[in-house]
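Chain A is the first sequence line, chain B the second, and so forth, proteins listed ahead of strands; every chain is numbered from 1.
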There are 2 protein chains.
Amino acid sequence: MLKKTELSGVKEIARRANVSIATVDRVLHNRPGVSVKTKEKIDAIIKEMDYKPNLLARRLASRKVFKFAVLIPKESKETEYWKAPLEGIRAAWSEIQLYGVEVSFFLYDLNDRSTFNQEAEKIWKENFNGVIVAPSFISESTTFFKKCEELKIKCVFINSDISNVRPLSYIGPDLFQSGKLAGNLCKYLISEKGKALVLNISRELDSEHHLRKKEAGFKAHFDEARAKVDIEVMSLYNTDYDSVTKALDAYLQSNTIDLIFVTNSRVFTVAKYFEENNIRGIKLVGYDYLRQNLQYVENDIIDFLICQKPIEQGYQALLTLYDYFINQSSVDKIQFMPIDIITKENYRFYKN
Amino acid sequence: MLKKTELSGVKEIARRANVSIATVDRVLHNRPGVSVKTKEKIDAIIKEMDYKPNLLARRLASRKVFKFAVLIPKESKETEYWKAPLEGIRAAWSEIQLYGVEVSFFLYDLNDRSTFNQEAEKIWKENFNGVIVAPSFISESTTFFKKCEELKIKCVFINSDISNVRPLSYIGPDLFQSGKLAGNLCKYLISEKGKALVLNISRELDSEHHLRKKEAGFKAHFDEARAKVDIEVMSLYNTDYDSVTKALDAYLQSNTIDLIFVTNSRVFTVAKYFEENNIRGIKLVGYDYLRQNLQYVENDIIDFLICQKPIEQGYQALLTLYDYFINQSSVDKIQFMPIDIITKENYRFYKN
DNA sequence: TAGTAAATAGTGTACGTACCCGAAAATATT
DNA sequence: AATATTTTCGGGTACGTACACTATTTACTA
């Protein structure tokens, strides 16, 4: 039960090299103050021993503190989606806060892009090492990223990506492929020459841009499968239930469709409409493991939900910053989340 | 960047309680040698401070070493499934071996139940603290568990459970529900009054017992959905390709079916048969994220694979022992894995 | 009531690394 | 050659906890 006392660590390196621990430490962190000769000798020994620093001791002895910010949408009355990433970040934080990590939260309003900049300003005033961003608004986010680069603040993007910038890491779905999977599933729900409606429901144009990628993936699946399914697209900029109801009423008056694919978590709005109007013939597929949605999965109004682990996204985002700064390990530029399929029979076992 | 020096830890508790650090330590580990009065005083302060021990320091200072064993099937020529849990265990091990964890592997042959006992004997001879077991053979596993209880060796079961015993934790699928999900998916693949074949392919009777749970779940789904799908069941005890081919030839000669549900990872055998005989009309659903299976997902012979995160199972199993022994935290008796659905469009993003 | 055993508490070192501070050695300056 | 400067390096303490060992107090025996 007692640990074997095999010689290891800096002490052993120092002994073999005939130098002090401090000198070994200088080499390990390539700090100045070591002659080339001794540095080479020590490097050789390190290599020979295949020395791996004891992370426990390292973190314990280090008195560094890193400050991270979180810039994501606040949970809205309309959808509780953003609770999940926040939960993930909190979970990760509680695991690592002992090791010198401080986290501050800055939440903006998805329905008001000016709030994004307001919160961004606050972040720039303090001295953060890194920030977790959900780049909902393209131009604002691009500006934000540039400014952070100037200030040497490392960015991790979650949930959606934007082009032309290279953050420390992107953690989230492959949106196009996600849409393709939706197509894949829908193929099973309707007949060969069925008719499908792709429904984007989002107030701000920019976030709709991400929805468009899913839309494109959806279509791509049917193209590649050479299926002749008739696909129409509709975008709604008013996200409240009444507006959606009106739009659907109008649309269904003059169209007959077999399936609706809602490109984000607001699929429950449509499900509610189906339920209240007792519409049963139209299949429904959408996004995200939300209480509001699951209830309609349970009673067979929604057939499939596609999920991309929002909690895990937040969790991984903070751990990525931690790995980069505290562990100084290298970090994957892109961390795609799995594309999970949720049905009535497996949702109880899902880990978001 | 420097860590704030707020007083914390045992030292602060000792200061407030007017005792030495050692006394606080005794209370924390409820070791003897502390009067009731001081113990109460210290307990109160601990509570008041909401003291959380620094795990880094704790593990660094602890010289304990724990020995764990792994008793699972070896990877066979027929299916590489068991590579995955092993990989997960190895991954977890590499993360925690710094903290005084030793792991030894004992692999038995799924096609020869006597090898299970042979390996078990070896485990009993050494002095292990815990063991990860895949209890493939019911009676052997039950005996094994009893003996481990005598020897005070904690057991964690993975992949499948057995009744009447209560291991430290079970980590794996809910087999019944897993079958139900299969039914759920198959519903989309065939018409209202289609005909489905449930196919068990397994050499040893016992492991088939687990397959039967999936079979039951499968049927249950159609019962609950009140679908009139005709379900037949066939069990094959010879698992090699030629035997399966012959059995399928014979069966299909006299039966017309729309779908085959294979209750374990050997679905690729059937897929290969379909491919070589150019059978395209029969849908195919089975289990597990294996290279052999994925190739048939890619070329549309297999529609769905159901996966239960075998790597994660191994990973969690070792971490569970770690949590129990090293962290001394409480452990969930049952840790059901999610029931994941794999298709052509999402398998590249799956984490097993 | 001295003497001893048991219960209770404290001191000190170790875990492996980080880093401050000062000493020694090497080099440069006068 | 003596002094100043820079380069190179070692000593020592700290991080928060575990635990062996020692010291003190209390209870018990004869």
J.: Send over the distance from Y99(B) OH to dA18(D) P, rounded to a whole Å.
T.: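 Roughly 16 Å, once rounded to whole Å.
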J.: Among dG16(C), dC9(D), dT17(C), which nucleotide sits nearest the side chain of L60(B)?
T.: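 Nucleotide nearest to L60(B)'s side chain: dG16(C).
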J.: Rounded to whole Å, please give me the gap between NZ in K37(A) and P in dA25(C).
T.: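 Interatomic distance, NZ of K37(A) to P of dA25(C): 14 Å.
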J.: Do other residues, nucleotides or ligands put more than 12 heavy atoms under 6.0 Å from N117(B) CG?
T.: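 Yes.
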J.: Output the rounded distance in Å from CG (L55(B)) to C1' (dA18(D)).
T.: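 The answer, rounded to whole Å, is 14 Å.
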J.: Indicate, yes or no, whether a donor-acceptor pair under 3.5 Å links the base of dG16(C) to the side chain of R59(A).
T.: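 No such pair is found, so the answer is no.
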J.: State which of dG10(C), dG11(D), dT17(C) makes the closest approach to the side chain of R26(B).
T.: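 Looking only at heavy atoms from C-beta outward on R26(B), the closest nucleotide is dG10(C).
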J.: Between C1' on dA9(C) and CD1 on I13(B), what's the gap in Å once rounded to a whole number?
T.: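 From I13(B) CD1 to dA9(C) C1': 17 Å.
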J.: Distance alone, cut at 3.5 Å: any donor-acceptor contact between the side chains of R58(A) and N327(A)?
T.: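 Distance-only check fails for R58(A) and N327(A).
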J.: For DNA chain C, whose closest nucleotide is more 5', that of K39(B) or that of A61(B)?
T.: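 Result of the comparison: K39(B).
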J.: Measuring from the side chain of N54(A) (C-beta onward, heavy atoms only), which nucleotide among dG10(C), dG16(C), dT17(D) has the closest atom?
T.: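 The nucleotide sitting nearest to the side chain is dG16(C).
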J.: Which of the following nucleotides, dG10(D), dA18(D), dG10(C), is nearest to the side chain of R31(B)?
T.: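 Per side-chain heavy atoms of R31(B), the pick is dA18(D).
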J.: What is the distance, rounded to the nearest whole Å, between atom CG of N30(A) and atom P of dA18(C)?
T.: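 So the two atoms are 12 Å apart, to the nearest Å.
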J.: Atom CZ of R63(B) to atom P of dC15(C): distance rounded to whole Å?
T.: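 Whole-Å distance recorded here is 6 Å.
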J.: When you compare the side chain of P135(A) with that of S160(A), does any pair of heavy atoms fall below 4.5 Å?
T.: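 With C-beta onward as the side chain, the pair touches.
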J.: Is Y51(A) near enough to dG16(C) that one of its side-chain N or O atoms lies under 4.0 angstrom from OP1 or OP2?
T.: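 So the side chain of Y51(A) is outside the cut-off, no N or O lying under 4.0 Å from OP1 or OP2 of dG16(C).
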J.: Between A22(A) and G33(A), which residue's closest nucleotide on DNA chain D lies nearer the 5′ terminus?
T.: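 That would be G33(A).
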J.: Taking atom NZ of K152(A) as the centre, report whether more than 12 heavy atoms of other residues, nucleotides or ligands fall under 6.0 Å from it.
T.: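 No.
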J.: Under 4.0 Å from OP1 or OP2 of dC15(D): is there any side-chain N or O of K11(B) that close?
T.: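 Yes.
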J.: Establish, yes or no, whether a centroid distance under 6.0 Å links the rings of W93(B) and Y322(B).
T.: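 No, ring centres 6.0 Å or more apart.
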J.: Using OP1 and OP2 only, check whether a side-chain N or O of T23(A) sits under 4.0 Å from dC9(D).
T.: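 Checking T23(A) against dC9(D): no side-chain N or O falls below 4.0 Å of OP1 or OP2.
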J.: Over how many whole Å does the gap from R58(B) atom CZ to dA14(C) atom P extend?
T.: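 It works out to 22 Å between those atoms.
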J.: I need the CG-P distance between L56(A) and dT17(D), as an integer number of Å.
T.: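 In whole Å, dT17(D) P and L56(A) CG are 13 Å from each other.
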J.: Closer than 4.0 Å, any side-chain N/O of T38(B) to the OP1 or OP2 of dT8(C)?
T.: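 Answer is no, no contact under 4.0 Å.
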J.: Is the distance from OP1 or OP2 of dC19(C) to the nearest side-chain N or O of K64(A) less than 4.0 Å?
T.: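 Yes, such a contact exists.
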J.: Checking side chain to side chain donor-acceptor pair (under 3.5 Å) between Y315(B) and each of E95(B), K309(B), E87(B), which is the one that passes?
T.: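 Option passing the side chain to side chain donor-acceptor pair (under 3.5 Å) with Y315(B): E95(B).
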J.: What is the nucleic acid contact for P32(B), judged by heavy atoms within less than 4.0 Å: base, sugar-phosphate only, or nothing?
T.: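 Nothing: the residue P32(B), judged by heavy atoms under 4.0 Å, touches no strand.
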J.: Looking only at the side chain of D25(B) (C-beta and beyond, no hydrogens), which of the listed nucleotides dT17(C), dG16(D), dA18(D) gets closest?
T.: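 Among dT17(C), dG16(D), dA18(D), the one nearest the side chain of D25(B) is dA18(D).
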J.: When you measure from the side chain of A57(B), which nucleotide among dT17(D), dC9(D), dC15(C) comes out closest?
T.: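 Looking only at side-chain atoms, A57(B) lies closest to dT17(D).
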